Structure formats: C-alpha cells, structure tokens
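Taking it in order: structure first as structure tokens, then the write-up.
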Number of protein chains: 4
Amino acid sequence: MELRNKIMDAAEQVILTSGLSKTTTKEIARIAGCSEGSLYNHFKSKEDLFLQVMKKHLEGFLAVLFKLNGNRGKRTVKENLHEVARAALDYFLLSIFLTSSLFTEPSFLARHREGFQERNEGPHRANEIVSGYIRAEQKLGRVNDDANPRSAADLLLGACFQHAFHVQFIGEDEAEEARNLFVDQLLSTMMKGLAS
Amino acid sequence: MELRNKIMDAAEQVILTSGLSKTTTKEIARIAGCSEGSLYNHFKSKEDLFLQVMKKHLEGFLAVLFKLNGNRGKRTVKENLHEVARAALDYFLLSIFLTSSLFTEPSFLARHREGFQERNEGPHRANEIVSGYIRAEQKLGRVNDDANPRSAADLLLGACFQHAFHVQFIGEDEAEEARNLFVDQLLSTMMKGLAS
Amino acid sequence: MELRNKIMDAAEQVILTSGLSKTTTKEIARIAGCSEGSLYNHFKSKEDLFLQVMKKHLEGFLAVLFKLNGNRGKRTVKENLHEVARAALDYFLLSIFLTSSLFTEPSFLARHREGFQERNEGPHRANEIVSGYIRAEQKLGRVNDDANPRSAADLLLGACFQHAFHVQFIGEDEAEEARNLFVDQLLSTMMKGLAS
Amino acid sequence: MELRNKIMDAAEQVILTSGLSKTTTKEIARIAGCSEGSLYNHFKSKEDLFLQVMKKHLEGFLAVLFKLNGNRGKRTVKENLHEVARAALDYFLLSIFLTSSLFTEPSFLARHREGFQERNEGPHRANEIVSGYIRAEQKLGRVNDDANPRSAADLLLGACFQHAFHVQFIGEDEAEEARNLFVDQLLSTMMKGLAS
DNA sequence: TATGAATGAGTCTTCATTCAT
DNA sequence: GATGAATGAAGACTCATTCAT
C-alpha cells in the first residue's frame with residue numbers, strides 16, 4: 001500500500017481509538033510507520049489530512065444515498081428507508097469524532113464551510129437526498145400526502161445521528177442486531193404516526 | 001456578581017464565540033476580568049470549570065423536562081411535545097460546543113462517564129423522560145398504541161439534536177419563528193405518520 | 001500551643017514527610033490548621049520560617065556539644081565522643097532535608113552565609129567544638145599526640161553526616177540499636193587506627 | 001559537539017553556578033544555545049536530563065574506584081587511600097548540588113531509588129568498594145586486624161563528603177594544595193589512631 | 001490577630017511545521 | 001520521496017505574597 005493511504009488509515013485509526021486531541025502528527029507517523037516529515041510530503045497540513053479522511057468517510061455514505069434514488073417505487077418504502085438509515089447510522093458512528101472537531105475549532109469550520117457547501121458536501125446534504133426520495137414516493141402514492149418529506153428525513157436521520165452520539169458516549173459497541181432493531185422500531189413508529 | 005459566576009459566564013461566552021480550542025485559561029480570565037490564577041481559586045481545573053458550565057446548561061433543560069410529567073393528559077399531546085422539543089433545540093444549540101469536546105477528548109469522557117450515569121445526567125436521560133411521557137399518554141389513550149414510545153422520543157429529540165448541529169454548522173442564527181416552524185412540521189409529520 | 005509554634009511544627013512535619021518542594025505555604029497552613037495569610041503574621045516570609053526551623057534544630061544539637069566541654073577528662077574519651085556522635089547523627093538525620101535546600105537555592109545560602117558565620121552557627125561549628133575537645137584531651141594525655149584533632153573531628157562527624165545521608169536515601173528507618181552500633185564501630189576503628 | 005552533549009554541559013553549568021531551583025529549562029536552553037523544545041528531542045524530561053548528568057559525574061568517580069582494586073598490595077595503603085579520597089572529594093564537590101535535589105524532591109528519590117540500587121549505583125556503593133579494598137589489605141597484613149573495614153571506609157569518605165559540603169557552604173574555592181593537605185591529615189590521623 | 005480571595009510571574013511540556021541531508 | 005532534528009509559540013497550572021475585611 002502506498003504511504004499516502006497508510007497515513008490516512010493511521011490517522012483514522014488514531015482518531016477512533018484515542019480521540020482527536022491525542023491525534024498528533026507524531027502519533028500518526030508512528031502508527032503509519034513513517035517519519036513526521038513524510039506526512040508533509042503527502043498532505044499540505046494536518047488539517048488537509050483530516051479533510052481527506054472526512055471526505056473518504058462521506059463518500060462511502062453518499063454511495064448508498066445515491067442508490068436510494070434508483071430504488072424509487074421499488075421494494076417497500078420502509079425497506080428503502082431502512083437501508084439508508086442503517087448506512088447513516090454506520091457513517092455517523094464513524095465520523096462523529098472528526099465531525100465534532102468542527103465545533104472544537106470554528107476556524108476550521110469557517111475555512112471549509114464554503115467548500116463544503118459549494119461541493120454540496122455539507123452534512124445536511126444527506127437529509128436533502130432522503131427528503132427528495134420521500135417526496136418522489138409521495139408522488140407515487142406510496143407515502144402519506146400529509147407528511148412533510150423534509151421533516152420525515154430529519155426525523156429519521158436525526159434519530160440515527162443522536163443514537164450514534166449516545167452509543168459513542170456509552171463507549172460500548174452495539175451489536176449489529178441491536179442497530180437493526182433500533183432502526184426498525186424507528187421506522188415502524190414513523191410509518192404509523194402517533195395520532196390515536 | 002461574584003467572581004465564580006463571572007468566570008463561568010466568561011467560559012461560556014468564549015466557548016460559544018471562539019470554540020473550545022481557543023478557550024484558553026488566559027482568554028477566560030481576560031473576559032472574566034481577573035487573573036488566570038483566580039480561575040484556580042474557584043475551580044479545581046479547566047476541566048472542572050467546563051463540567052460546571054455543562055451542568056448549568058443541563059439544569060435549565062431538565063427543568064422543562066420535569067414539567068412535562070405534570071402535563072400528562074393536559075393540553076394536547078402535540079402542544080406538550082412542542083414545548084419540550086423547543087427546549088431541547090435551545091439546549092442543544094447551546095451545549096453542542098461543549099458536548100463535542102466529549103469526543104475530542106475521550107479521556108475526559110472516560111473520567112466522567114460514570115459520574116454522568118450515576119447521577120442520571122447522561123445525554124440519553126432526556127430521551128427517557130420524553131419516552132415516559134409518551135407512554136403515559138398512550139395509557140390515557142391519547143397516543144396510538146402501535147407507536148413505540150422510546151422510538152418516538154428518539155425521533156423527535158434526534159431531529160432537534162441534528163438540527164442544532166446543522167444550524168451551528170451553517171453558522172447563521174436562525175429566527176425564533178423558523179425554529180417554531182421546524183418543530184411544528186416535525187410534530188405534524190410524526191403525528192400523522194408516513195404510511196399512505 | 002501558640003499558632004507560631006504550630007506553624008513551625010507544621011513546616012517541620014511537611015518538610016520531613018513530603019520534601020521541601022512540596023512544602024508550600026498552602027500545605028503548611030493546612031497542617032497548622034490556619035490560613036495562609038496567618039503565616040505572614042508570624043514570619044516575614046517562607047524563608048524566614050525555614051530559618052527559624054533550622055535554628056531550632058541546631059540549638060538542640062549545640063546543647064549536647066556544649067556539654068562535651070564540661071566532660072573533658074571525665075569518663076572515657078570514647079564514651080564522650082560516642083555521645084556527641086550520636087547527637088550529631090540524630091541532628092543530621094533531622095536537618096538534612098532543610099540543609100539540602102542550601103544548595104538548591106544558592107541565593108538563600110548567599111543571603112544567610114554571613115549571618116551564619118557571624119553568629120558562629122555555620123555547619124563547621126560542630127567540627128570545631130569537637131576538635132577543641134579532642135585537643136583538650138590530648139593535653140590531658142588521653143589522646144595520642146600524633147593525631148590531628150581537627151582531622152579526628154572531621155572523620156567522626158563526617159562519617160555520621162554521610163551516614164545520615166545514606167539512611168535518608170534508603171528511605172527506611174534505622175533502629176536505635178543499629179545507630180549505636182554504627183557509631184561504636186566507627187570509634188573503635190578510629191581509636192586503634194589502621195596502621196598494622 | 002552534538003546538541004545532546006551541549007545540553008548536558010549547559011545543565012551542569014547552570015546547576016553549579018545558579019543552583020537547582022534556578023535551573024529552568026529556559027535557562028538551560030539559553031546556555032546550550034538552542035530552543036527549549038530541543039531539550040525534549042534529546043531527553044524525556046528535565047528529570048531525565050538531570051539523571052543523565054548525575055550518571056556522567058558518577059562514572060568518572062567509579063572509574064577511579066575500580067582502579068583501587070588493582071592496586072591491592074601495591075604502593076602503600078596510605079597512597080592508595082589518598083588517591084581514592086581525593087577522587088571522592090572532587091566528585092562530592094561536583095555532585096552535591098544535584099545530590100541535594102534528592103532530598104528536595106523525595107518523589108524523584110522514590111522514582112529512582114530502585115534503579116540506583118539495582119544498578120549498584122547508590123551513593124553507598126563507593127563506601128562498599130573502599131571497604132572491600134581495606135579488607136583485602138587486611139588479609140595481606142598491611143592493615144591492622146582490629147580495624148573494621150567498613151567503618152574505616154565510612155570515616156574516610158564521610159569526612160570527604162562533609163568537607164565538600166562545608167567548602168560549598170563557604171562558597172570559596174579551595175586550592176588544590178589545601179585539598180591534598182586535608183586528605184593527608186585525615187589519613188595520618190586515621191592510620192595512627194586516637195588511642196594514647 | 002486571622003482570614004482567604006486575588007494576584008501574576010514563572011514553570012515544564014507539547015506540537016505542527018520546516019528544512020538540510 | 002523520506003527523514004528527524006530543530007523550532008518557538010502557546011498552554012495549563014503553581015505558588016509565595018498581599019490586603020481589605
């Protein structure tokens with residue numbers, strides 16, 4: 001594997017196991033098995049390295065999201081939403097450590113806010129895509145006309161986002177099955193609504 | 001005002017305007033109008049100071065949550081949930097900068113995880129309370145029996161949590177009215193459900 | 001007991017148990033059961049406090065030394081030297097922590113060097129007194145004329161001084177009996193000499 | 001010269017001229033002509049740096065001590081002891097500033113006590129070696145059988161130890177000749193003994 | 001006399017980044 | 001491209017001392 005990839009993997013690993021504040025260039029280099037200087041042969045700065053890692057995480061998630069559009073009208077709505085919610089949950093669990101740095105360093109956020117938005121890579125992008133899917137299903141008559149598609153997307157993804165947060169807070173890994181159940185109950189409740 | 005409170009306010013202000021990584025003891029002292037040394041007459045450490053600020057934020061939110069139980073069966077369910085969702089949104093907007101530090105410094109998280117849970121101050125506490133409220137309303141016949149109370153709570157609070165995250169990401173203040181609308185649409189969609 | 005004495009005792013206790021670098025005004029006040037401010041009602045400075053403690057230690061030792069002159073010609077020379085060597089050993093064990101500060105802070109030493117010498121309180125004072133005693137015994141014919149009295153004093157007190165150092169280094173208390181034996185062997189060897 | 005050595009020399013110089021409490025990382029760096037940060041590229045901590053300096057001092061002294069064993073039965077006993085006593089005196093004069101820190105910071109002592117003893121580098125090591133030499137000479141009939149070898153070693157080295165202490169206390173350099181005389185008188189008195 | 005909050009200078013250490021080899 | 005020593009700015013925290021009450 002090329003050193004560039006080794007470094008990205010090392011950064012990811014250190015962030016996930018030791019937290020951002022312990023993710024020093026020295027530690028990344030140690031895990032990547034190279035010198036600190038080498039980091040700067042492949043990335044402009046530590047910030048740049050983090051940006052690339054974030055982008056890599058996001059890409060995996062977006063791939064699932066784009067598949068969603070192709071599934072309009074196919075399978076059940078619940079099945080389609082289940083798939084995307086599970087992908088979202090996994091992504092949030094992975095990305096929350098890096099994402100939180102956005103608020104730890106607003107200067108970082110300020111520097112890249114524009115870039116994120118220009119390239120439509122902002123965090124709300126996912127909600128927009130899911131919202132678009134739900135609106136499409138509404139037009140196909142497979143979703144209640146009274147529902148607000150964006151609200152529906154916010155409810156589903158928001159619940160996953162916060163759940164990821166809680167899981168990482170607890171610090172114990174959750175079984176695959178538990179995650180499926182969580183999403184399933186979410187969707188069941190969403191589909192039926194609260195009104196008596 | 002006593003210096004202790006001045007320091008807490010200064011810390012809060014610096015965190016919200018400059019971000020955690022710029023929230024140095026020197027800057028806090030400058031804003032509080034005292035010496036750095038004074039910080040340590042009132043707080044054991046910077047970490048302790050942050051903990052107190054977090055606690056203060058949480059208390060305001062919990063006060064609203066406890067009121068919720070008193071409203072069982074009163075007003076409409078939607079009205080009750082609206083009130084709590086708005087409080088949650090405000091709390092999340094305020095606390096997200098500090099909360100994100102939990103993931104930046106897992107050692108901090110590890111040190112206080114137990115304490116949070118023992119005192120039932122963990123972040124999931126809110127979801128539990130709302131869940132309890134919804135279950136109670138279910139028994140009163142004011143909520144659909146098919147709904148999973150915990151899932152309903154997770155959807156509502158999760159959406160608010162993520163929305164707070166998005167708002168802070170954008171970096172522009174949202175009007176009071178916009179927040180009400182956001183919550184209102186969330187609840188409308190939740191009440192009716194997606195099923196066609 | 002008066003606060004002044006309580007403070008001196010507290011200082012002594014902290015120095016002996018925690019070492020000079022942990023002997024802060026805060027800790028002394030805590031042990032003395034008073035406020036930090038009170039220290040300055042009784043002593044000009046922390047340095048002054050230490051000076052008083054050193055003086056107190058020294059006085060106990062000097063009292064034994066002065067008794068030595070009265071014993072000229074009485075008992076055996078070895079008995080007289082044994083008594084003084086034991087007192088020296090005890091004094092060194094007690095004072096070594098404070099004494100070492102002389103070298104940690106040469107400015108302290110510089111400030112008080114003159115004072116020590118003017119008042120004949122320098123550390124060599126003890127050697128002079130013992131030397132004087134031995135010279136007196138020489139004149140009485142109770143000590144070998146070939147011996148150099150000052151060298152004899154240096155040998156005896158030096159051995160005790162270094163032994164105190166070693167004991168504190170090891171960090172384990174030595175039994176009373178062991179100390180007596182140490183001094184006894186020292187004196188036996190000194191009296192007979194090494195020449196074959 | 002390599003920076004590592006420059007730093008060690010700088011540390012030694014600052015300790016000897018300004019005392020331990022003024023030996024800050026900033027001052028060491030200034031004298032070494034490098035940045036404070038560089039200190040940490042070569043030494044784990046300030047404590048580690050001091051440890052290396054202490055070890056360097058000790059090694060020079062131990063070299064002389066080991067030569068002593070080779071001289072058994074050669075030259076006169078007094079000549080052999082003179083050589084080792086002079087080396088001891090020089091070593092004590094040099095090391096007393098660092099050694100005294102052992103008592104200023106018992107935590108330092110506690111951390112390294114074991115290490116010192118395991119590697120037989122404790123301060124009593126020298127006394128043991130000299131004691132061994134004297135015992136050997138006893139067996140060769142060149143030292144009085146009645147003398148206790150360990151006591152003899154303690155007397156000689158102890159006197160040198162305390163003399164170093166006194167010299168540093170006075171603060172004036174002693175001429176080479178004066179040191180030789182001091183040791184010579186010590187040995188003369190020791191050889192003959194005090195008994196009349 | 002006793003207090004204890006306030007001080008501010010000073011300490012060790014960390015860390016992202018550079019650059020000559 | 002790879003190295004790793006050198007950097008220097010910055011940070012959290014300590015502590016003897018003061019002074020108004």
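Only a predicted model underlies this, so the values are computations on that prediction, with no experimental measurement involved. Within every chain, numbering begins at 1; the chains are lettered A, B, ... in the order of the sequence lines, protein sequences first and strands thereafter.
- Aromatic pair F165(A)/F103(B): centroids less than 6.0 angstrom apart.
- When rounded to the nearest whole Å, the span between CZ of F43(A) and C1' of dG1(F) equals 14 Å.
- In the set dA6(F), dT7(E), dA2(E), the nucleotide with an atom closest to the side chain of H42(C) is dA2(E).
- If you check every strand for non-hydrogen atoms under 4.0 Å, T25(C) touches a base.
- Between K56(C) and E59(C) no salt bridge is recorded (no basic side-chain N to carboxylate O distance below 4.0 Å).
- Here S35(B) lies in heavy-atom contact (under 4.0 Å) with a base.
- Of the two residues contacting DNA chain E, namely E36(A) and L39(D), the nearest-nucleotide position lying further toward the 5' end is that of L39(D).
- Contact check, K26(C) against dC15(F): no side-chain N or O comes under 4.0 Å of OP1 or OP2.
- Nucleotide dT21(F) forms a pair with dA2(E), judged by Watson-Crick or G-U wobble geometry with both contacts under 3.5 Å.
- One can place CG of N5(B) at 14 Å from P of dA5(E), the figure rounded to the nearest angstrom.
- Residue G33(C) is the one, among G33(C) and G37(B), whose nearest nucleotide of DNA chain E lies closer to the 5' end (criterion: closest heavy atom).
- Ring to ring, H57(D) and F61(D) are not that close: their centroids are 6.0 angstrom or more apart.
- The CZ-C1' distance, from F50(B) to dG11(F), rounds to 12 Å in whole Å.
- When distances are taken from the side chain of K46(A) to each of dA16(E), dA2(F), dT3(E), the shortest belongs to dA16(E).
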Step by step, work out the side-chain hydrogen bond (donor to acceptor under 3.5 Å, both in side chains) result for D48(B) and Q52(B). CA-CA 6 Å; D48(B) 179 39; Q52(B) 304 307 322; 3.0 Å; yes

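- Heavy atoms of T24(D) sit under 4.0 angstrom from primed sugar atoms or phosphate atoms, though from no base atom.
- When distances run from any side-chain atom of Y40(C) to the nucleotides dT18(F), dT14(F), dT3(F), the shortest one goes to dT18(F).
- Considering only heavy atoms from C-beta on, L16(B) comes within 4.5 Å of E12(B) through its side chain.
- When the P atom of dT13(E) is taken as reference, atom CG of D48(D) falls 10 Å away, rounded to whole Å.
- Positionally, the nearest nucleotide of DNA chain F for R4(D) lies more toward the 5' end than for the other of E47(C) and R4(D).
- Nucleic acid contact class of T23(D) (heavy atoms, under 4.0 Å, all strands): sugar-phosphate only.
- In the interface, the side chain of N41(D) is not paired with the base of dA5(F) through any donor and acceptor atom under 3.5 Å apart.
- A donor atom on one side chain and an acceptor atom on the other are not found under 3.5 Å apart for E2(D) and H42(D).
- dA12(F) atom P lies 12 Å from atom NZ of K22(B), rounded to whole Å.
- Looking at the side chain of C34(A), the nearest of the listed nucleotides dA2(E), dC13(F), dT3(F) is dT3(F).
- Summarising the geometry, the separation between CD on E105(C) and C1' on dA16(F) is reported as 12 Å, rounded to the nearest angstrom.
- In this structure, L49(B) places its CG atom 15 Å from C1' of dG11(F), rounding to the nearest Å.
- Between the C1' atom of dT3(E) and the CD1 atom of I7(C) lies a distance of 12 Å, rounded to the nearest Å.
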